[in-house]
**Student:** 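Could you have a look at this structure, given as structure tokens, before my questions?
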Amino acid sequence: MILYVNGCSHTAGAEAVVNEAFAVDDGRNGIDRRPHPENLAVSWCTQLAQRLGVELHCDAESASSNDRMIRTTRDWIKNNPDKLADTFMIIQWSTWEREEWLHNGTWYQVNASGWDMVPPELQDRYRQYIIDVDWKTATRRAHDQIWAFHQELTQLQIPHLFFNGHSTFSELSADRDWGIQYIQPYSIDHSYSAVCRNNGFEYVNPKSYHFGADAHCFWANYVLQYIIDNNLIMPNEIPTD
């Protein structure tokens, strides 16, 4: 079985071991925005794959928008039709205001933090984006976007599980029936960040809301128990030792 995961820094394991978020940051691990290998090695998704005894494919990227997660997950589905029958997907959703912009063949991930690295010709657009951010509108857009993607995966008969990284839909009415495929999307207490904090784990960097390897280990067990309790993976596919 393949465990396919996507998400932002909470899945990439940013700062879990080393301060660098991206493989390229320390000059030793390539030239792209893949997770730093030392952090990914202890990330919840790696630990969950080890517990399940399955192959892991991680498309998570720090600072990722939900737009990017959906785009790259669709790309993986398109490029791996022969693997879909043996794939279980888990997607951790990011903050609702994030977007991605395609400019001169490059995708830029933008958010409301104010530190986004965009080329000079996009600076005016970015400043206007910051001014125009409306959290209520962004939350509703994300909710509808994720619901549509859930329906898409369901129609493709791809087993999947969603959970919120930090933001939740607690301000919206619970007007969609996600079944067991989304861990309490409307609960402020059931995001990855909230569950970890409520179980005694502290941020390794208060400015980034990232957790250490111990919290990732906890979350791997938390998700595994959710999978077992809801029979999302057949019992005979889960190692007992």
Side-chain angles (χ1 to χ4, degrees), residues 3-23 25-26 29 33-54 56-66 68-69 88-96 98 109 111 113 115 146 160-170 180-230 232-233 238-239:
L3 176 63
Y4 174 93
V5 301
N6 214 330
C8 65
S9 55
H10 297 309
T11 295
E15 300 185 284
V17 176
V18 297
N19 291 335
E20 291 82 5
F22 304 109
D25 285 346
D26 66 3
N29 294 286
R33 291 166 60 89
R34 282 178 293 180
H36 192 286
E38 292 183 46
N39 290 327
L40 183 61
V42 301
S43 178
W44 68 264
C45 61
T46 298
Q47 297 191 58
L48 178 61
Q50 291 170 347
R51 286 160 175 70
L52 291 171
V54 300
L56 172 67
H57 183 92
C58 178
D59 268 341
E61 179 181 293
S62 291
S64 176
S65 63
N66 295 325
R68 177 201 160 274
M69 294 176 208
F88 183 75
M89 290 187 166
I90 303 181
I91 300 180
Q92 166 259 306
W93 300 109
S94 189
T95 55
W96 310 138
R98 292 184 179 183
Q109 305 302 308
N111 61 55
S113 66
W115 56 264
I146 294 170
H160 59 280
L161 175 64
F162 297 161
F163 68 88
N164 295 325
H166 189 74
S167 299
T168 71
F169 294 126
S170 58
I180 55 176
Q181 274 71 49
Y182 205 147
I183 300 177
Q184 298 288 338
Y186 303 101
S187 169
I188 198 171
D189 294 321
H190 285 82
S191 68
Y192 161 78
S193 290
V195 172
C196 288
R197 287 296 300 273
N198 290 339
N199 280 274
F201 298 98
E202 299 294 334
Y203 300 131
V204 295
N205 179 355
K207 295 181 179 180
S208 63
Y209 304 103
H210 295 147
F211 291 97
D214 54 350
H216 281 273
C217 180
F218 167 82
W219 187 255
N221 289 329
Y222 184 91
V223 174
L224 177 60
Q225 192 60 53
Y226 185 92
I227 289 171
I228 292 172
D229 290 346
N230 292 281
L232 290 173
I233 296 176
I238 299 176

**Student:** Can you tell me how far OG of Ser62 sits from CG of Asn39, rounded to the nearest 0.5 angstrom?
**Tutor:** 8.0 Å

**Student:** Do Ile183 and Phe162 have side chains that approach each other closer than 4.5 Å (heavy atoms only, starting at C-beta)?
**Tutor:**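 A side-chain contact under 4.5 Å is absent here.
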
**Student:** Just jot down the side chain to side chain donor-acceptor pair (under 3.5 Å) partners of Ser43, sequence neighbours excluded, or say none.
**Tutor:**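 By the side chain to side chain donor-acceptor pair (under 3.5 Å) rule, Ser43 matches no residue at all.
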
**Student:** Side-chain contact test, heavy atoms from C-beta onward, threshold under 4.5 Å: evaluate it for Cys58 versus Leu40 and give yes or no.
**Tutor:**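 Answer yes - side chains close enough.
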
**Student:** Regarding Asp59 and His57, do their side chains bring together a donor and an acceptor under 3.5 Å, going by distance alone?
**Tutor:**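 Short answer, yes.
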
**Student:** Taking the side chain from Asn6 and the backbone from Ile91, do they hold a donor-acceptor pair closer than 3.5 Å?
**Tutor:**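 No, Asn6 side chain to Ile91 backbone: no donor-acceptor pair under 3.5 Å.
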
**Student:** Counting N and O atoms only, with roles assigned by atom type, does the side chain of Trp96 sit under 3.5 Å from a partner on the main chain of Thr168, one being a donor and the other an acceptor?
**Tutor:** yes

**Student:** Under 3.5 Å, is there a donor-acceptor pair linking the side chains of Arg98 and Thr95?
**Tutor:**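 Checked: Arg98/Thr95 side chains pair up, N/O donor to acceptor below 3.5 Å.
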
**Student:** Would you find a donor on one side and an acceptor on the other, under 3.5 Å apart, between the side chain of Ser94 and the backbone of Ser64?
**Tutor:**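 Yes.
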
**Student:** With sequence neighbours excluded, tell me which residues meet side chain to side chain donor-acceptor pair (under 3.5 Å) with Asn66.
**Tutor:**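 By the side chain to side chain donor-acceptor pair (under 3.5 Å) rule, Asn66 matches no residue at all.
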
**Student:** Going by the angle between their ring planes, with limits at 30° and 60°, are His10 and His210 parallel, tilted or perpendicular?
**Tutor:** perpendicular

**Student:** Out of Trp219, Phe218, Tyr192, which residue meets the ring pair (Phe, Tyr, Trp, His ring centres under 6.0 Å) rule with Phe211?
**Tutor:** Tyr192

**Student:** With a 3.5 Å distance limit and no angle check, can you tell me whether Arg51 reaches the backbone of Gln47 through a side-chain donor-acceptor pair?
**Tutor:**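 Indeed, once roles are kept as given, a pair shorter than 3.5 Å links the two residues.
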
**Student:** To the nearest 0.5 Å, how far apart are CD in Glu15 and NZ in Lys207?
**Tutor:** 11.0 Å

**Student:** Could you go through residues 194-201 and list every donor-acceptor pair under 3.5 Å that involves a side-chain atom there, pairing it with any protein atom two or more places apart or in another chain?
**Tutor:**
residue, atom, partner, partner atom, Å
Asn198, ND2, Ala194, O, 3.1
Asn199, ND2, Val195, O, 2.8

**Student:** Under a 3.5 Å cutoff, is there a donor and acceptor pairing between the side chains of Ser191 and His166?
**Tutor:** no

